[in-house]
Amino acid sequence: MKSEKKQTILIVDDLPENIELLARVLGDSVEILFALSGEEALRICKEQDPDLLLLDILMPGVDGYQVLARLKEDAQTAKLPVIFITGMDTQGEEARGLEAGAVDYITKPIHPAVVRARIRNHLELKRYRDFLENLSATDGLTGVANRRRFDEVLDREWRRAARTGTMLSMLMMDIDCFKAYNDRYGHIEGDEVLRRLATVIQENMQRPLDLAARYGGEEFACILPETDRDGALLVAERIRTGLKDLKIPHQFCVADHVTVSIGVATMIPTPETPSSLIVRTADEQLYQAKAGGKDRICA
Ligand code: GH3
Ligand code: MG
Ligand code: MG
Ligand code: MG
């Protein structure tokens with residue numbers, strides 16, 4: 001696997017000495033976070049998205065089983081791998097822990113070499129899962145999100161904006177006269193144009209929640225949560241000029257260079273309307289931009 005980024009383990013135990021012992025066993029090949037209670041653990045899981053949780057069962061307040069159950073209830077944390085590390089060493093307890101959804105069950109006192117090996121194996125699985133998830137959501141040619149990921153994120157952001165009553169914007173972009181470009185310069189050069197536009201788009205989206213995706217062949221889309229019409233127009237204009245300023249020669253279009261037309265849609269979603277409404281609206285605006293002469297933005 002390529003990714004060399006250190007993985008993060010959250011150790012949860014009401015006794016600091018247990019945390020220290022485990023941290024020593026793990027060494028510095030991983031980032032370590034810790035929590036002294038179930039409540040704190042749940043908060044850190046939401047905020048920091050660790051790769052693996054080492055979870056004590058018996059703790060005052062929210063115990064390990066409750067932590068696991070609550071993680072499973074929340075889509076954001078449901079898939080986080082949890083290993084119980086506990087003094088409860090009967091087979092009945094072990095079965096209960098694994099049935100509750102823990103990926104492993106380790107009893108105290110721990111054997112450092114065994115614990116280290118088990119954790120390493122689970123981290124390896126997590127790394128591979130992340131790799132596959134990322135692969136299945138990424139467009140192979142340009143590296144931006146693919147259509148599947150776009151649909152997922154749009155749906156999530158649509159529902160979130162409906163809940164909070166905030167504005168959601170999107171851009172639909174389509175390269176101008178791209179068929180002619182391929183015909184004149186070849187598909188390899190055409191692919192390079194798609195990559196360069198993807199880079200321009202990514203460079204011009206600044207907020208962490210913004211998403212750039214390849215919507216179809218030579219069509220890209222951006223989801224801009226909590227962004228009003230003016231904000232969306234600003235992003236669109238930066239992308240339009242950003243591509244044009246690359247001055248990629250194109251003899252057979254409106255300018256002498258490769259250009260893009262962009263449709264902008266902004267709305268406050270309601271729970272009754274489907275998220276496809278914003279796509280349709282952006283599409284209509286894109287059509288207007290094409291009809292108006294291309295290399296422009298309509299909103
Ligand atoms: P318009 O200005 O109205 O958008 O015209 P257009 O020629 O760009 O639009 P049209 O939809 O007729 O053609 C889109 C072209 O995009 C057709 C296809 O050759 C090209 N295309 C789609 N996907 C890819 C791809 O992955 N690589 C390359 N090189 N070209 C692609
Ligand atoms: Mg305890
Ligand atoms: Mg098209
Ligand atoms: Mg086109």
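Just so you know, these numbers use all the heavy atoms, side chains as well, and skip hydrogens, waters and symmetry mates.
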Shared hydrophobic cluster for V12 and I110 (ILVMFWY, side-chain gaps under 4.5 Å): no
Do I19 and V25 sit in the same hydrophobic cluster, where Ile, Leu, Val, Met, Phe, Trp and Tyr count as joined when their side-chain heavy atoms come under 4.5 Å apart? yes
Are L194 and R214 side-chain neighbours, meaning at least one heavy-atom pair lies under 4.5 Å? yes
Flag the pair F84 / Y65 as yes when their ring centroid distance falls below 6.0 Å, and as no otherwise. yes
Is I268 close to M167 at the side-chain level, that is, under 4.5 Å between some pair of heavy atoms? yes
Please report the shortest heavy-atom distance between M205 and C222, naming the atom on each side. SD-SG, 3.4 Å
Applying disulfide (SG to SG under 2.5 Å), which residue pairs with at least one partner in residues 159-215 are found, sequence neighbours left out? C177-C253
CD/E47: more than 12 non-hydrogen atoms of other groups inside 6.0 Å: yes
Apply the test salt bridge (charged side-chain N to carboxylate O under 4.0 Å, His left out) to residues R147 and D151: give CA-CA distance (whole Å), side-chain angles for both, the deciding distance (0.1 Å), then the verdict. CA-CA 6 Å; R147 176 62 184 277; D151 288 342; 3.2 Å; yes
Tell me which pairs pass salt bridge (charged side-chain N to carboxylate O under 4.0 Å, His left out) where either residue lies in residues 168-188, with sequence neighbours left out. D174-K290, D176-K290, K179-D183
Ignoring hydrogens, what is the shortest heavy-atom contact between F220 and A198? Give both atom names and the distance. CE2-CB, 4.0 Å
Could you check whether atom CG of D28 has more than 12 heavy atoms from other residues, nucleotides or ligands sitting under 6.0 Å from it? no
Can you list every pair that meets disulfide (SG to SG under 2.5 Å) and has a residue in residues 135-165, with sequence neighbours left out? none
Any side-chain heavy atom of V193 within less than 4.5 Å of one from I175? yes
Can you label the angle between the H250 ring and the F252 ring as parallel, tilted or perpendicular, going by 30° and 60°? perpendicular
Looking at side-chain heavy atoms only, is the closest gap between R207 and E226 below 4.5 Å? yes
Under 4.5 Å between side-chain heavy atoms, hopping through other hydrophobics if needed: is there a path connecting V235 to L243? yes
Check A221 against M170 and note the closest heavy-atom contact, atom names and distance. CB-CE, 4.0 Å
Membership question, hydrophobic clusters at under 4.5 Å side-chain separation (ILVMFWY): are I223 and L277 in the same one? yes
